[in-house]
Structure formats: C-alpha cells, structure tokens
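When a ligand or atom number is given, it counts from 1 through the structure's own listing order. Just the heavy atoms: all of them, side chains too, but no hydrogens, waters or symmetry mates, feed the values below.
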Amino acid sequence: MIIKPIVKGVVARNAHPTGCKQAIINQINYVKTEEPIVNGAKKVLILGASSGFGLASRISLAFGGASADTIGVSFERGPNDKGIGTAGWYNNIFFREEAEKQGLIAKNFVGDAFSSKTRGQVINYIKSEFGGKLDLVIYSLATGVRPNPVTGELWRSSIKTIGEPFTGQTINIETDTMEQMTVATATEEEIDSTEKVMGGDDWTSWIEILSEAGVLNTGCKTLAYSYIGAKSTYPIYHQGTLGRAKMHLHKTADTLNCKLAKISGTAHVAVCKALVTKASVYIPAFSPYILALYKVMKRKGLHEGCIEQMQRLFTQRVFGPDTAIPVDNQRLIRIDDWELDDSVQNEVDELIAKISPDNFSLIGDYQGYKTDFMQLNGFELPGVDYQAGIDLDSLCQLQP
Ligand code: NAI
C-alpha cells in the first residue's frame, strides 16, 4: 500500500509511519548534538507524550543528556480496517524502539488521561516496574473535551474571544487558501467550560493522586505548558477563552508549588513559543501571526521548533546553571523570550499588516507552516521513500 496524505481543512486524516519514524530520529539526532542537560530528571511521566511539546520533552529528556526513563500517556488510534491510525500512535512506537535501543525504559499508555482507569494503570506500573518514584511530571495535554470527574458529563472548550468578536484570516491547509472569519464572543458558560478543559484542574488532580500514591520523589518537579503571545494575538488568545484557561493553569502552578514544598518539590508553567502542532492549527484567525512569526524568526536565525524549544527549556531553565529555576515576576518560565523580542515583534507587526488572502504564501512563511503540518503527520520528510509500499498487516503487529 502507498500512503498519500489526506487533509480535511486543518485536520490530517492519515499519517505515514515511515515518516513518523524519520521525524523521531531527526529529533533524537538534533538533541544529541546540542548542549546536554546536566543533572536532569531520571524518571519522568509525560501526560500528552505522543506529539508536539510533550513528545519533544520526552525526546529531549531521554536523548538530550538526562537519559531519562519515561512513561508517556496519550490518546491515539492504531491501524484498523478503516484507516492507518494517527501519527501519535506511531510516534509512541518508534520513540519506544529507539529508547530501548539505548537501554532506556519507555512505557506507553494509550488511553484517556482523564479516566481513573488510566491513572490506576500508571500508578501500578510506577510502583511495580518503574522503580516506585517520579522525578518529573510533565502536563502537556491539549484537547477539546474533558469529562466532569463527578458526573461524567463532558465539558467542551470553545476557542472564542471575551468581550468583542474578532475578524481575521485563517489558513485552510486542504485548499491552500486564506479565508476571512469572525471569532465570536464566548458566553460565561463557554468561558468556564474552556477553563475546565484547558485550565489546571486536571493537572492538580494528577499531582494529588500521584502524591497520595506516594510515587513522587523528594524534589519532584512538575511542569505544564502555556502560551501568552504578542499583543497582536491577545484578542484571540491571551484575552480570549484559551488565555483565561491558561491564567487558571498559571494560578494552579502556584498552588501546586506550595503543596509540593513538603517534599521539596516545585511546580512551574513554562510559556512556550507559537508553533504549528496538531492543536494549534485549530486556533481560528491565528495563522497570519504564525506565518509572519516564522518568516521573521527564520530570517533572523531565531526560529525554533518544539524540539529546539524543549532542549533549551531543560538545559537553560529547568536544569539550568542557576540554583533556582529562572522565572519572571509572575513565576513563569519564559522560553517564548525570542518570540517576544521587540525587534522580532516590530517586524512581525509590519508583515501581518501586509498579509492578505492573495499574498500570504509569498510574504508569509506558508511553505514552512504547511511543511511543519505535513511532517507532524509523517509526510514530506526528506530521505523517506514515499513510493515504497507499506504493509498494513505488519503495522498492525506493532504495539505501543
Ligand atoms: P498536541 O496536539 O501536539 O499534543 C497533545 C497531546 O495530548 C497528544 O499527545 C495527545 O495524544 C494528548 N491527549 C489529548 N487528549 C488526551 C486524553 N484525553 N488523554 C490522553 N492524552 C491526550 O498539542 P501541543 O501543541 O503540543 O500542546 C501541548 C501543550 O502545549 C498545551 O497545553 C498547549 O496549550 C501548549 N502550548 C502549545 C503551543 C503551540 O503553539 N502549539 C504554544 C505554547 C504552549
């Protein structure tokens, strides 16, 4: 079988397993040549480990100097008679294979991170086969729904503004077009639900349950990822429903930090750079900003993908040279510093003002945006033979 990409709007409907493997290998090779993490965590749990920042964290911690054993939790689909499965499914498998070659433990749990079943399985595994203690817990879930743990009813997030609607442009990757759209304002209920899904509640409940189970090591750290962004994106992100949820996440870090003090542990939020991931392409009216940002940061030699961001996060901040993790006046770790540099943002603003549906692929970095998106799903990776047949039966034998 030859696999050709199927994209609907901004969603990839399939993935290329050989390309996913190549993408994992490329990221491993990158971190191996970078400045290594010194005194990094050895036993790590990553919630949301199969793609984007969570996967890059896992690769960085395993191969970028710390040689960490990792447990990854993710929600992915394997191959069946209806389809090839998701990129994250293959990322889990090929990461594990590469880690095991290095003698590292890489355990994958593919299931709902919100369910008590998954939590129970993870805790049993930590106690019975993972040495009993975690040094670091990374919370990198990105999702649109979360069940209420008491009633089971689903909270759904809404990516909307708060206050005024916002009209802007959005990329359609399927048709290579940019379309005008208006982002509506959220109701109070939508704001609350988005906070429930993408805020800090679930992070708290994971840390509490791990703490009660006695599996957090002395000095255990926990990290979650956030975005703030530039002023030009405030109406759709920072001052919108997602930003509100992230504020809740930031407050949660402070609360967890106090709770973890009793085991000399810490909780932080790392504010990351805007990047093309499975989750971020959903954000309406955000694409002109990324097109302009990529263009400017690449021109200035400052562009980073998830893997570059995570390697810098761990070497320079979390396990950096300072005795305490460097933070801003809100106690946030800033790894979005290069994105928010004034000289970058001045040029980004100028470029955004010029971007239109007629010229976005010429003056913005649409090529870079689309290539990143395709590569997230295993397509368009240099060196991969996309004409080589893929055997579905052997793929079905692969287990996470
Ligand atoms: P992603 O879509 O690449 O990864 C999300 C991960 O969550 C995947 O591993 C997925 O399997 C997992 N997941 C989703 N629902 C799950 C469930 N019910 N159970 C178990 N696993 C589940 O997303 P991305 O972009 O890496 O986002 C991770 C975090 O980084 C989010 O908090 C996001 O807000 C933050 N972030 C993202 C930025 C971006 O530009 N992409 C910028 C700054 C922060």
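- Atom numbering of ligand 1 starts at 1 in the shown order; those under 4.0 Å from a heavy atom of Lys246 are 31 (C), 32 (O), 33 (C), 34 (O).
- Residue contacts with ligand 1: Val73 is placed with no nitrogen or oxygen under 3.5 Å of a nitrogen or oxygen of the ligand (distance criterion only).
- Taking the six-membered ring where tryptophan is involved, the planes of Tyr227 and Phe286 are perpendicular, since the angle between them exceeds 60° and thus also 30°.
- A cation-pi arrangement is present between Lys273 and Tyr294, with the terminal nitrogen or guanidinium carbon under 6.0 Å from the aromatic centre and inside a 45° cone about the axis.
- Only the side chain of Ser280 comes within 4.0 Å of ligand 1, judged by heavy-atom distances.
- Inclusion of Thr277 in the set of residues having an N or O under 3.5 Å from an N or O of ligand 1 is warranted.
- For ligand 1, none of its N or O atoms has an N or O atom of Gly54 under 3.5 Å away.
- At the top of the distance list for atom 9 (O) of ligand 1, counting protein heavy atoms only, stands Ser50 OG, 2.6 Å.
- Geometrically, Lys107 does not engage Phe130 in a cation-pi contact defined by less than 6.0 Å to the ring centre and at most 45° from the axis.
- Of all atoms in ligand 1, numbered sequentially from 1 with element shown, those under 4.0 Å from a heavy atom of Gly111 are 19 (N), 20 (C).
- Given atom 12 (C) of ligand 1, the protein heavy atom at minimum distance is Gly48 CA, 3.8 Å.
- Annotation: salt bridge (charged side-chain N to carboxylate O under 4.0 Å, His left out) contacts involving residues 132-158, sequence neighbours excluded, comprise Arg146-Asp201.
- No N or O atom of Tyr227 sits closer than 3.5 Å to an N or O atom of ligand 1.
- Of the options Tyr225, Trp89, Phe286, Tyr237, the smallest heavy-atom separation from atom 35 (C) of ligand 1 is shown by Tyr225.
- Here the CD1-CG distance, from Ile71 to Leu47, works out to 9.5 Å after rounding to the nearest 0.5 Å.
- Neither the backbone nor the side chain of Cys306 has any atom closer than 4.0 Å to an atom of ligand 1 (non-hydrogen atoms only).
- For the pairing with Ile333, the side-chain contact (heavy atoms from CB on, under 4.5 Å) check across Val327, Val269, Val271 returns one residue only, Val327.
- If you look at Ala49 next to ligand 1, the close heavy atoms, those under 4.0 Å, all belong to the backbone.
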Using the rule given for salt bridge (charged side-chain N to carboxylate O under 4.0 Å, His left out), can you reason through Glu380 versus Lys370, listing the C-alpha separation, both sets of side-chain angles and the distance that settles it, and then say yes or no? CA-CA 10 Å; Glu380 296 186 14; Lys370 185 156 181 183; 5.9 Å; no

Checklist entry - Going through the distances and angles, do Lys21 and Ile25 end up as a side-chain contact (heavy atoms from CB on, under 4.5 Å)? => result CA-CA 6 Å; Lys21 181 172 187 167; Ile25 291 171; 4.0 Å; yes

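- Considering both main-chain and side-chain atoms, Cys272 never comes within under 3.5 Å of ligand 1 through any nitrogen or oxygen pair.
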ask   = What do the steps show when you test Ile283 against Tyr289 for side-chain contact (heavy atoms from CB on, under 4.5 Å), and what is the final call?
value = CA-CA 11 Å; Ile283 305 172; Tyr289 175 75; over 6 Å; no

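- Of all protein heavy atoms, the one closest to atom 43 (C) of ligand 1 is Ser226 O, 3.1 Å.
- The protein heavy-atom contact nearest to atom 27 (O) of ligand 1 is Ala142 CB, 3.7 Å.
- Side chains of Ile335 and Gln316 form no contact here, defined as non-hydrogen atoms less than 4.5 Å apart.
- Looking at Phe53 next to ligand 1, an N or O pair under 3.5 Å apart turns up.
- Put simply, the side chain of Gln27 reaches to within 4.5 Å of the side chain of Leu55, judged on heavy atoms.
- Of all atoms in ligand 1, listed by their number and element, those nearer than 4.0 Å to a heavy atom of Asp112 are 17 (C), 18 (N), 19 (N).
- Nearest protein neighbour of atom 19 (N) of ligand 1, counting heavy atoms only, is Ala113 N, 2.8 Å.
- Between the CG atom in Leu249 and the CZ atom in Arg244 there is a gap of 15.0 Å [rounded to 0.5 Å].
- Within the set Asn92, Leu275, Asn91, Leu141, the minimum heavy-atom distance to atom 13 (N) of ligand 1 is found for Leu141.
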